[in-house]
Colleague: 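Right, I'll just put the structure down here and ask away after.
Numbering starts at 1 and runs along the sequence shown.
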Amino acid sequence: MSSHSIHIPKVKICGIRDVPTAELCVEEGADWIGLNFVASSPRNVTLSRAQEIVRFLRSQNGAPEIVLLFYKNSPEEIRTVRSALDHDLVQWVWDDPILNGISKEELLGERQICSYRVQGEISDSALQNVPGELLILDSYSKDAGGGTGESFRWELVSGIRRKFLLAGGLNPENVRTAIETVRPYGVDVASGVESSPGIKDAAKIIQFIRNAKTIV
């Protein structure tokens with residue numbers, strides 16, 4: 001295989017809640033970090049803590065891009081957080097009922113990443129109305145917008161050619177197999193690198209990123 005055809009997967013670590021964890025993501029070469037503003041999530045971060053994390057990341061060379069994550073937040077909340085934080089992308093959930101009928105570009109900005117929850121086999125044509133440069137394919141949960149730690153059957157997305165990040169139930173032990181099976185543009189993890197809900201585990205983050213980015 002020529003070096004031109006090798007793609008080293010991108011990695012997004014979601015639900016960062018403190019500067020030391022953000023620092024670890026910089027050191028290990030994560031591509032994105034997610035700041036979670038979902039009220040019901042154990043990964044929810046306060047605006048003041050998020051500002052500390054953003055200040056730190058913006059002071060680092062080669063730091064991950066910053067993604068703000070919303071689900072069932074009011075448009076007012078989204079506008080407040082977006083204006084208070086320097087960020088690169090806004091993540092939202094495709095079937096978020098609050099965002100129905102709202103102009104996504106006006107509210108979320110030009111650089112969006114949409115999380116689409118997989119319930120059955122999907123194709124590129126099924127995703128053609130999903131905007132944004134990137135897409136997250138995640139497992140479906142009736143009550144949560146993501147971060148459940150549950151995976152879906154990877155073969156359901158094996159036909160997708162569009163750039164996407166695979167999410168849902170990934171962890172340091174299975175991420176390599178997931179990448180080899182699905183060949184995604186990148187992977188997205190939250191609960192799979194935690195010792196308990198919302199509490200990141202440094203060793204798991206290190207192992208996840210290294211396993212994801214090791215070409216074998």
Colleague: Measure the spacing between CG of Asp124 and CG of Leu135 and express it to the nearest 0.5 Å.
Modeller: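 Atom-to-atom, Asp124:CG and Leu135:CG are 9.5 Å apart.
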Colleague: Can a salt bridge be assigned to the pair Asp18 and Arg49 using a cut-off of 4.0 Å between side-chain N and carboxylate O?
Modeller: no
Colleague: Any side-chain hydrogen bond (donor to acceptor under 3.5 Å, both in side chains) pairs touching residues 98-109, not counting sequence neighbours?
Modeller: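 Those involving residues 98-109 are Arg79-Glu106.
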Colleague: Of the options His87, Lys10, Arg111, Lys12, which is the one that meets Glu65 in a side chain to side chain donor-acceptor pair (under 3.5 Å)?
Modeller: Arg111
Colleague: May I ask you to decide whether Asp88 forms a salt bridge with Arg58, counting only side-chain N to carboxylate O separations under 4.0 Å?
Modeller: yes
Colleague: With a 4.0 Å cut-off, would you call Lys213 and Glu28 a salt bridge?
Modeller: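 Judged by the 4.0 Å cut-off on N to carboxylate O distance, Lys213 and Glu28 do not form a salt bridge.
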Colleague: Any chain of hydrophobic side-chain contacts (each under 4.5 Å) joining Val93 to Ile113?
Modeller: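 They do not share one cluster, since no chain of ILVMFWY contacts under 4.5 Å joins Val93 to Ile113.
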Colleague: When you measure from the side chain of Lys200 to the backbone of Cys14, do you find a donor-acceptor pair of N or O atoms at a distance under 3.5 Å?
Modeller: yes
Colleague: Using atom types as modelled and distance alone, determine if a side-chain donor or acceptor of Arg82 lies under 3.5 Å from a backbone N or O of Val90.
Modeller: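 Absent.
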Colleague: Please check if the side chain of Arg17 supplies one atom and the backbone of Ile199 the other of a donor-acceptor pair under 3.5 Å.
Modeller: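 Pair absent, no side-chain N/O of Arg17 close to backbone of Ile199.
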Colleague: I'd like to know if Glu194 and Arg43 make a salt bridge, using a cut-off of under 4.0 Å between side-chain N and carboxylate O.
Modeller: yes
Colleague: Look up atom CD1 in Ile209 and atom NZ in Lys204, then write down how far apart they are to the nearest 0.5 Å.
Modeller: 14.5 Å
